[in-house]
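Only one structure is covered here, and it is reproduced in the block below.
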Amino acid sequence: MLPKKINNSFFPCTTKELAKKLLGKVIVRELNGEFLIGRIVEAEAYLDKNDFASHSAVGLTKRNEVMFGEAGLIYIYFTYGMHYCFNIVSGEKGKGSAVLIRAVEPLEGIEVMFENRKIKNFGDLTNGPSKFCQAFKIEKSMNGIDLKKSEKIFIADSNDYKFEIGVSRRIGIVKSSEKMLRFFIKGNKFLSRR
DNA sequence: TTATGGATCTTCT
DNA sequence: GAAGATCCATAAA
């Protein structure tokens, strides 16, 4: 059975709040009639232009313009020559803040994920921002899609899933790396790091 | 188990 | 022309 799409009132809140609220929720992606479902276990908050690690810190450009849109949009960016990362725009319109989905726990469509990833190890399926994108076949063409309206990809509630939230500094960046803006589900196997 | 190097491309300077 | 919110195979310890 398909999880129920989350209410649109979920998105308007601060970036930090959204990052925490996203933990434990599931992300649903329809691909060729099959559903890929994963539980969000790790997310990072990227704030407005005062957060130097955020893409929006350099101001509005063609690349990051989606970040300055309304909450609930998908911002896909490309990095290191070969990797996509999936963000959900948050906060007020024009701020340029977003939540980066760093890791999910695979729930359904696992065979498709293996095909997309071309690896053997279950534990490596989605435990990193770019691994998750590969597994879910998230591509640049999805940049700017509205999670609130799309039926192809959306966030859904997950019933009675109990967990503890952990907080740490963000990963893989140099600027402002001391900020405690990474949120994760304690003890989950699919975290990119412990 | 940790360390290292290669892959590979968009955006802005 | 350089930097970048990375991943993975392979090598060393």
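Chain identifiers are assigned alphabetically (A, B, ...) following the order of the sequence lines, protein sequences preceding nucleic acid strands; residue numbering begins at 1 within each chain. Scope of the values below: all heavy atoms of this structure, side chains included, with no hydrogens, waters or symmetry mates. For clarity, every value in this text was computed on a predicted model and none was experimentally measured.
Within residues 65-94 of chain A, the residues approached by DNA chain B to less than 4.0 Å at the level of any non-hydrogen atom are Phe78(A), Tyr80(A), Gly81(A), Met82(A), in residue-number order. The stretch residues 113-143 of chain A has no heavy atom under 4.0 angstrom from DNA chain B at all. The stretch residues 48-59 of chain A touches DNA chain C through Ala53(A), His55(A), each having a heavy atom under 4.0 angstrom from the strand.
A side-chain donor-acceptor contact under 3.5 Å links Ser192(A) and Arg102(A).
The CG-C1' distance, from Leu181(A) to dA5(C), rounds to 12 Å in whole Å.
Stem analysis of DNA chain B (Watson-Crick or G-U pairs, both distances under 3.5 Å, runs of at least three) returns B:1-7 with C:6-12, B:9-12 with C:1-4.
Checked for salt-bridge contact, Lys152(A) and Glu30(A) meet the test: a charged N lies under 4.0 Å from a carboxylate O. Between Glu42(A) and Arg182(A), at least one side-chain nitrogen of the basic residue sits less than 4.0 Å from a carboxylate oxygen of the acidic one, meeting the salt-bridge criterion.
The environment of NZ in Lys5(A) is crowded: more than 12 heavy-atom neighbours from other residues, nucleotides or ligands sit within 6.0 Å. The number of heavy atoms from other shown groups lying within 6.0 Å of CD (Glu178(A)) is above 12. The neighbour count for Lys148(A) NZ, taken as heavy atoms of other residues, nucleotides or ligands under 6.0 Å away, is above 12.
In this structure, Phe190(A) has its ring center no closer than 6.0 Å to that of Phe184(A).
Nucleotides of DNA chain B lying under 4.0 Å from heavy atoms of chain A occupy a range whose first and last members, 5' to 3', are dA7(B) to dC12(B).
Of the candidates Phe136(A), Phe78(A), Phe132(A), Phe78(A) is the only one forming a ring-ring contact (aromatic ring centres under 6.0 Å, His included) with Tyr84(A).
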task = Take Ile145(A) and Ile153(A), measure what side chain to side chain contact (heavy atoms under 4.5 Å, CB included) needs, and give me the verdict at the end.
result = CA-CA 9 Å; Ile145(A) 289 179; Ile153(A) 181 162; 4.2 Å; yes

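No donor-acceptor pair under 3.5 Å is formed between the side chain of Asp124(A) and the backbone N or O of Ile119(A). A donor-acceptor contact shorter than 3.5 Å links the side chain of Lys21(A) to the backbone of Phe10(A). At least one donor-acceptor pair closer than 3.5 Å links the side chain of Asn143(A) to the backbone N or O of Ile76(A).
Among pairs with a residue in residues 86-95 of chain A, those fulfilling side chain to side chain donor-acceptor pair (under 3.5 Å) read Thr15(A)-Ser90(A), at least two apart in sequence or across chains.
Taking the six-membered ring where tryptophan is involved, the planes of His55(A) and Tyr75(A) are perpendicular, since the angle between them exceeds 60° and thus also 30°.
A cation-pi arrangement is absent between Lys120(A) and Phe114(A), since the terminal nitrogen or guanidinium carbon is not both under 6.0 Å from the aromatic centre and inside a 45° cone about the axis.
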